[in-house]
*Asks:* 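After the C-alpha cells below, expect a handful of questions from me.
Residue numbers run from 1 in the order of the sequence given. Counting starts at 1 for both ligands and their atoms, in listed order.
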Amino acid sequence: MIIVLKRGSGEAEVQEITTRLMEEGFKVHLSQGVEKTIIGAVGDRTRLQSLDLEALPWVEKVVPILAPYKLVSREFQPADSTIKIGHHEIGGSEVHVMAGPCAVESRSQLLETAHAVKEAGATFLRGGAFKPRTSPYSFQGLEEEGLRYLAEAREETGLLIITEVVDVRDVQLVAAYADVLQIGARNMQNFFLLKEVAKVNKPVLLKRGPSATLEEWMMAAEYLMDGGNYNVMFCERGIRTFETYTRNTLDLSMVPALHALSHLPVIVDPSHGTGRWQLVQPMAKAALAAGADGLIVEVHPQPDKAVSDGKQSLTPPNFKVMMEELARLSAALDRPLKGVEG
Ligand code: PEP
Ligand code: MN
C-alpha cells in the first residue's frame with residue numbers, strides 16, 4: 001500500500017505516519033519525489049483500518065498496490081530512479097555502455113581490453129572473476145586474483161567495475177572490489193544470495209533468469225529493495241525459446257514493459273542475448289531505440305582464444321565501430337551516449 005502525502009508535508013508528518021505504521025508491524029519505505037512524498041508500507045493490510053490514515057489532514061490518499069511487487073513498482077515511485085555510481089548516473093539523461101571480457105583470464109588480457117573499451121567510450125568495465133559455467137570442467141574464474149586485476153584496471157583507466165557474485169560466501173569479498181554487483185541469470189531466483197546482496201551498499205545489476213517471467217524478475221528485484229538496497233538495475237539478456245540459431249532470444253519488449261511497470265533502470269545485454277558477435281551491434285541499436293538506459297557488451301582482444309563466450313565477443317576495433325554508430329543513434333534519440341562525442 002502507498003500513502004501519498006499532500007504537497008508541503010514535511011519530515012514531522014512523515015515521521016508520525018512512519019511511527020504509527022511501524023507500531024502496527026509494517027515495513028516502511030520512503031520515496032521522496034520532487035512533486036510528491038510517498039510512503040510505501042508493506043505488511044498486514046487488515047491492520048490498516050484501525051490506523052485510519054486518510055483522516056490525517058496531510059494525507060492525500062491511501063492506495064493499495066495490487067501487484068505482488070511493491071517497492072519496484074511505478075506506483076510506489078512515479079519518477080524514474082537514477083542510480084549514482086562514482087561520477088556517473090544510470091537511468092538519467094545519458095546512456096552508458098559497460099564493456100569487457102566475459103571472464104577475467106589474465107592481467108594482460110584484462111588491461112588491454114580495459115584500455116580499448118575506455119578509449120572507445122565505455123564507462124564501466126565488465127569481467128567475471130567467478131564464472132557460473134554449465135560444465136564443471138570449464139574454467140571457473142580467477143576469483144580474488146581476477147578481482148585484483150579489475151581494481152588495477154579501474155586505477156589505470158578510471159572505468160568503474162561491474163562483476164558477478166555467485167555465492168553468498170563471496171558477497172563481502174566481491175563488494176570490496178566492485179562498483180556494481182552483477183547477479184547472473186542463473187542466480188536470479190537465488191533468494192538467499194539476493195538477501196545477502198541487499199545488505200551491501202553497492203548497486204546491483206539483476207539479470208533476467210533464462211526462463212523467468214517479467215513478474216518473477218520483478219519479484220527478485222523486490223527482494224533486493226525490501227532488503228534495503230534501492231540501487232537496482234534490470235538487465236535483459238535473452239530467454240530460452242525453441243530457437244537455436246541464437247543462443248537466447250533477446251526479449252526487447254521487456255524494456256518498455258519494465259519502464260511502464262517499474263521506476264528502475266533497464267540495461268540490455270546483446271552479447272548473451274544473441275550469442276553471435278555479428279548480431280551484437282544491430283541488437284544494441286534496437287535496445288537503445290526501445291529505451292534501454294544502457295548496454296553491457298562482451299569484448300575480447302582475441303575472441304577465438306577466449307576461454308568463454310568468444311563467439312559473442314567483439315574485437316576492440318568492432319567495439320569502436322559499434323560505439324560510433326551508437327553515439328549517432330543515441331544523439332538522434334536525444335539520449336546522448338556517455339563517454340562518446342555524438
Ligand atoms: C556474464 O555476464 O558473463 C554471464 C554469465 O551472463 P548471464 O548470467 O546473463 O548468463
Ligand atoms: Mn559471458
*Asks:* For Tyr177, is the NZ or CZ atom of Arg154 found under 6.0 angstrom from the centre of its six-membered ring and inside 45 degrees of the ring axis?
*Replies:* no

*Asks:* Could Arg74 and Asp80 be called an ion pair, given the rule that one side-chain N must be under 4.0 Å from one carboxylate O?
*Replies:* yes

*Asks:* If only atom types and distance count, is the side chain of Glu222 paired as donor or acceptor with the main-chain N or O of Lys70 below 3.5 Å?
*Replies:* yes

*Asks:* Ignoring hydrogens and geometry, is there a side-chain-to-backbone donor-acceptor pair from Ser271 to Glu298 under 3.5 Å?
*Replies:* yes

*Asks:* For a quick test of reading the model, state the closest non-hydrogen atom pair linking Asp293 to Ile267 and the distance between them.
*Replies:* C-CD1, 4.1 Å

*Asks:* As an exercise, state the distance from CD of Gln32 to CD1 of Ile38, rounded to the nearest 0.5 Å.
*Replies:* 10.5 Å

*Asks:* State whether the side chain of Trp217 and the backbone N or O of Leu206 hold a donor-acceptor pair below 3.5 Å, judged by distance alone.
*Replies:* yes

*Asks:* Using a cut-off of 2.8 Å, find all protein N, O or S atoms closer to the Mn ion (ligand 2) than that distance.
*Replies:* Cys102 SG, His272 NE2, Glu298 OE2, Asp309 OD2

*Asks:* Taking atom CD of Glu119 as the centre, report whether more than 12 heavy atoms of other residues, nucleotides or ligands fall under 6.0 Å from it.
*Replies:* no

*Asks:* With a 4.0 Å heavy-atom cut-off, what residues sit around ligand 1?
*Replies:* Cys102, Arg126, Lys131, Glu164, Gln182, Gly184, Ala185, Arg186, Lys207, Arg237, His272, Glu298

*Asks:* I need the single residue from His96, His88, Lys118 that forms a side-chain hydrogen bond (donor to acceptor under 3.5 Å, both in side chains) with Thr123. Which is it?
*Replies:* His96

